[in-house]
Asks: 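Next up is a structure, given as C-alpha cells.
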There are 2 protein chains.
Amino acid sequence: MAGRPREFDRDEALAKARDLFWERGYEGVSMSDLVDAMGIASARIYAAFESKEALFQEAVMLYASGEGGFATRALAEESTILDAFERLLRDAVLLYTRPNHPHGCMIVMAATNYTINNQAVRTRLGRYRRDRAASLHERLKMASEAGELKPDADPRALAEFYAAFLHGLSVQAADGVPRDMLLSTLSPALSPLKNALLAKADDL
Amino acid sequence: MAGRPREFDRDEALAKARDLFWERGYEGVSMSDLVDAMGIASARIYAAFESKEALFQEAVMLYASGEGGFATRALAEESTILDAFERLLRDAVLLYTRPNHPHGCMIVMAATNYTINNQAVRTRLGRYRRDRAASLHERLKMASEAGELKPDADPRALAEFYAAFLHGLSVQAADGVPRDMLLSTLSPALSPLKNALLAKADDL
DNA sequence: TCAATTCTTTGTCGATCAACAAATAATGTG
DNA sequence: CACATTATTTGTTGATCGACAAAGAATTGA
C-alpha cells in the first residue's frame, strides 16, 4: 500500500494554524487565511485535518499539551500550595506576554463570541476553562486536607477567584498591558492565598 | 420639511441590537440576525444607523452609559476606597449574572477575537477596557493621596490587578459560573486592597 | 393640491464563506 | 511492469456576508 508521500510537514502546518487561531480566534480565521499561513491548498487541509473545526480542535490540543500546560505542571510539580500558585501565575504572565507570539491565552481568547452555527466550539472551550478552575480547586482541597490552609479557608471560592484572575490576565495581555505591569499584579494577587495559609511567619 | 414619520422605535431597536451584540459579539451577529431581532428590514437599519459598525458602536455606548456604567458610579459615589471597590465588584457580579440577560460584560465579551477586516472594532473595545483600568488607577491614586493607603502600596499594580479580576469575572460569568459562586470570590478579591489600607481595626 | 422630504419595501450586488469533486501526479507492493 | 493507494492541483458549489439602489408610501409645508 502507501501511495504518494505527503509533501508538507503536518506538525509544522498544525503549529502555524495554532498560532493563527491563537491570535484571531476560530471565526476570525478563514480557510483562505489558513491556506496562506499553512502554505497548502484548502483541499489538502481537508485531506489532512478533515475540517476546519477538527483542525481547530487539534490546534487547541497542541496548545493545551504544550505552552498551555503550564498550569497543570505548576500544580503537579510544586510541593507547597504557595509555590504552586506563585509559579502558575508567573508562568501565565510570561506565556501571555511572550514576544513574537500572540498575546493572551489561546483558550480564553479564541472563543468568547460566536455565531449561532459555531456554538459548539464556544461551549467546548468553555469546558476547557471550567476544567482549569476545577484543577485549581482540586489542588486547593489537597492543600486544605494536608493542613496547609486555615480551617475556615474556602478552597472553592479561592479556586474561582484565581480562575477569574487568570482569565483576566489573558484579556489584559491581549490588550497590550506590558509584562512587567502584569508581573507587578502578582503580589496583590497572591495575598488572598497567603491570608488563607496557616501562619508560619508574618511576611510583608 | 419632515417627511414620513418613522414607524419603529429607534431606542427599542437599538436595545435589541445591544442585547444581541452583548450575547454573541460583533462578528457573531449578522445583518440578517439583526433584521430578525430588531424586526425591521436591513435597508431601514442602514437608514437609521448608517452601518453595522456604527450600530454596534452606538450599542456599546448605550451599554456603557447604562448597565456598563456601574464602575464609574461606584468609583464616584462611594467615599472610601474600600466601599467603592466593594460595591464595584459586587455590582459587576450582579450585572454579569443577571437572569434573562446575556452573561458577562459586553465590552469584554463582544470583541476579543476578530477578522482582519474588523480589527478596528477590537482595538476600540480594547481602549474601553484600558480606560476602565485607568479609572481604577485614578481612584486608587486619589485614595493614596488622601492617606487611605499605606505609603508603600502600589496603586498602579492594584489597579491592574482589579482590572484583570474584573475582566476575568466576565469570562467566568459567560461560562456559567453561578452568581453565588462569583460573589464568594469577592472576599478573597478584596483582601489585597484591605492589606493596602492604613490600619484602623484588624478584621479578618 | 402639489412638491419636497423622509421612511419602507423589495430585490439584488459582488465578495467571501466553508467544503468538496474531479483530474492529475507520485509512491509502494505484487 | 501494473495496480492500488495516497497527495496535490484546479476549479467550483451553494450559502451567506455586508451593503445598497430603486421605487412606492406617508407625511409636512407652500
Side-chain angles (χ1 to χ4, degrees), chain A residues 1-14 16-18 20-21 23-60 110-111 113-122 124, chain B residues 1-14 16-18 20-21 23-60 110-111 113-122 124:
Chain A
M1 347 257 145
R4 175 174 177 172
R6 177 173 285 140
E7 287 179 1
F8 67 96
D9 184 327
R10 194 179 185 278
D11 295 340
E12 222 171 88
L14 179 59
K16 286 180 181 162
R18 176 204 56 201
L20 206 56
F21 282 132
E23 191 184 348
R24 306 219 296 262
Y26 179 68
E27 294 198 330
V29 174
S30 73
M31 283 307 295
S32 85
D33 292 334
L34 290 167
V35 167
D36 290 348
M38 301 167 82
I40 55 181
S42 77
R44 295 213 262 171
I45 300 179
Y46 280 92
F49 298 99
E50 182 154 22
S51 70
K52 185 191 174 189
E53 190 171 339
L55 170 61
F56 176 73
Q57 171 122 17
E58 209 172 323
V60 169
N113 49 258
Y114 272 85
T115 302
I116 284 263
N117 316 322
N118 299 4
Q119 284 222 300
V121 178
R122 173 185 184 157
R124 187 150 6 137
Chain B
M1 352 248 144
R4 175 174 177 172
R6 178 172 286 141
E7 287 179 0
F8 68 96
D9 184 326
R10 194 179 185 279
D11 294 340
E12 221 171 90
L14 179 60
K16 285 179 183 164
R18 176 204 56 200
L20 206 55
F21 283 131
E23 192 184 347
R24 305 217 297 264
Y26 179 68
E27 295 197 330
V29 174
S30 72
M31 283 306 295
S32 85
D33 290 335
L34 290 167
V35 167
D36 291 347
M38 300 166 82
I40 55 180
S42 78
R44 294 212 264 170
I45 300 179
Y46 280 92
F49 299 98
E50 182 156 19
S51 69
K52 185 190 174 191
E53 190 172 339
L55 171 60
F56 176 73
Q57 172 124 15
E58 209 172 325
V60 168
N113 49 259
Y114 271 86
T115 301
I116 284 264
N117 316 322
N118 299 1
Q119 284 220 299
V121 178
R122 173 186 184 156
R124 187 151 7 136

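Below, read A as the first sequence line, B as the second, and so on, with proteins coming before strands; counting in each chain starts at 1. On a predicted model such as this, the values are computed, not experimentally measured, just so you know.
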Asks: Whole angstroms only, please: what is the CG-P distance between A/N118 and D/dC17?
Replies: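 So the CG-P distance, A/N118 to D/dC17, works out to 11 Å.
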Asks: So which pairs with a foot in residues 34-50 of chain B pass side chain to side chain donor-acceptor pair (under 3.5 Å), sequence neighbours left out?
Replies: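 Every candidate side chain to side chain donor-acceptor pair (under 3.5 Å) pair involving residues 34-50 of chain B fails, so no pair, neighbours aside, qualifies.
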Asks: Taking atom C1' of D/dA7 as reference, at what distance in whole Å does atom CZ of A/R10 sit?
Replies: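 So the two atoms are 14 Å apart, to the nearest Å.
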Asks: Would you mind reading off the distance between B/N117 atom CG and D/dA19 atom P, rounded to a whole angstrom?
Replies: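 After rounding, the gap between these two atoms is 11 Å.
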Asks: Of B/D33, B/L20, B/L55, B/L14, which meets side-chain contact (heavy atoms from CB on, under 4.5 Å) against B/M38?
Replies: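 Among B/D33, B/L20, B/L55, B/L14, the one that satisfies the side-chain contact (heavy atoms from CB on, under 4.5 Å) with B/M38 is B/L55.
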Asks: Quick one: closest heavy-atom pair of A/A17 and A/L34, and the distance?
Replies: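 In this case the closest contact between A/A17 and A/L34 is CB-CD2, 4.1 Å.
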Asks: Tell me, which of residues 25-33 of chain B have any heavy atom that sits under 4.0 Å from an atom in DNA chain D?
Replies: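 Result for residues 25-33 of chain B: B/V29, B/S30, B/M31, B/S32, sorted by number.
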Asks: For a quick test of reading the model, state the closest non-hydrogen atom pair linking A/F21 to A/A59 and the distance between them.
Replies: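 Minimum heavy-atom separation between A/F21 and A/A59: CD1-CB, 4.1 Å.
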Asks: Distance to the ring centre below 6.0 angstrom and angle to the axis at most 45 degrees; does that hold for B/K52 and B/Y26?
Replies: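 Yes, cation above the ring, under 6.0 Å and within 45°.
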Asks: Of B/R4 and B/S51, whose closest DNA chain D nucleotide lies nearer the 5' terminus?
Replies: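 Residue closer to the 5' terminus by nearest nucleotide: B/S51.
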Asks: To the nearest Å, give me how far apart CZ (B/F8) and C1' (C/dC7) are.
Replies: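 Checked: the CZ to C1' distance equals 9 Å.
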Asks: Return no unless some side-chain N or O of B/Y46 is found under 4.0 Å from OP1 or OP2 of D/dC20.
Replies: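 Result: no.
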Asks: Between C1' on D/dT10 and CD1 on A/I40, what's the gap in Å once rounded to a whole number?
Replies: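 Those two atoms, CD1 and C1', are 16 Å apart.
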Asks: Please name the pair of heavy atoms, one in B/E53 and one in B/A120, separated by the smallest distance, quoted to 0.1 Å.
Replies: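 Result for this residue pair: OE2-CB, 4.4 Å.
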Asks: To the nearest 0.5 Å, what is the distance between CD (B/E58) and CZ (B/R10)?
Replies: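 Those atoms lie 4.0 Å apart.
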Asks: A/S42 side chain: which of C/dA19, D/dT8, D/dT9 is closest?
Replies: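 Among the listed nucleotides, the one closest to the side chain of A/S42 is C/dA19.
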Asks: Tell whether A/R6 reaches the base of D/dA7 with its side chain through a donor-acceptor pair below 3.5 angstrom.
Replies: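 Side chain to base: no pair present.
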Asks: A/L55 has an atom CG; how far is it from atom P of C/dA19, in whole Å?
Replies: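 To the nearest whole Å, that distance equals 10 Å.
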Asks: Could you state the atom-to-atom distance from CZ of B/F56 to P of D/dG18 in whole Å?
Replies: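 B/F56 atom CZ is separated from D/dG18 atom P by 13 Å.
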Asks: Among D/dT10, D/dG18, C/dA25, which nucleotide sits nearest the side chain of A/A43?
Replies: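 So the side chain of A/A43 is nearest to D/dT10.
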Asks: If you take atom types as modelled and just measure distance, does the side chain of A/R44 reach the base of D/dA7 with a donor-acceptor pair under 3.5 Å?
Replies: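 Per atom types, no contact qualifies.
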Asks: What integer distance in Å separates A/I116:CD1 from D/dT16:C1'?
Replies: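 These atoms are roughly 15 Å apart.
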Asks: More 5' along DNA chain D: A/A41 or B/E50, using each one's nearest nucleotide?
Replies: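 First, find each residue's nearest nucleotide; the 5'-ward one identifies A/A41.
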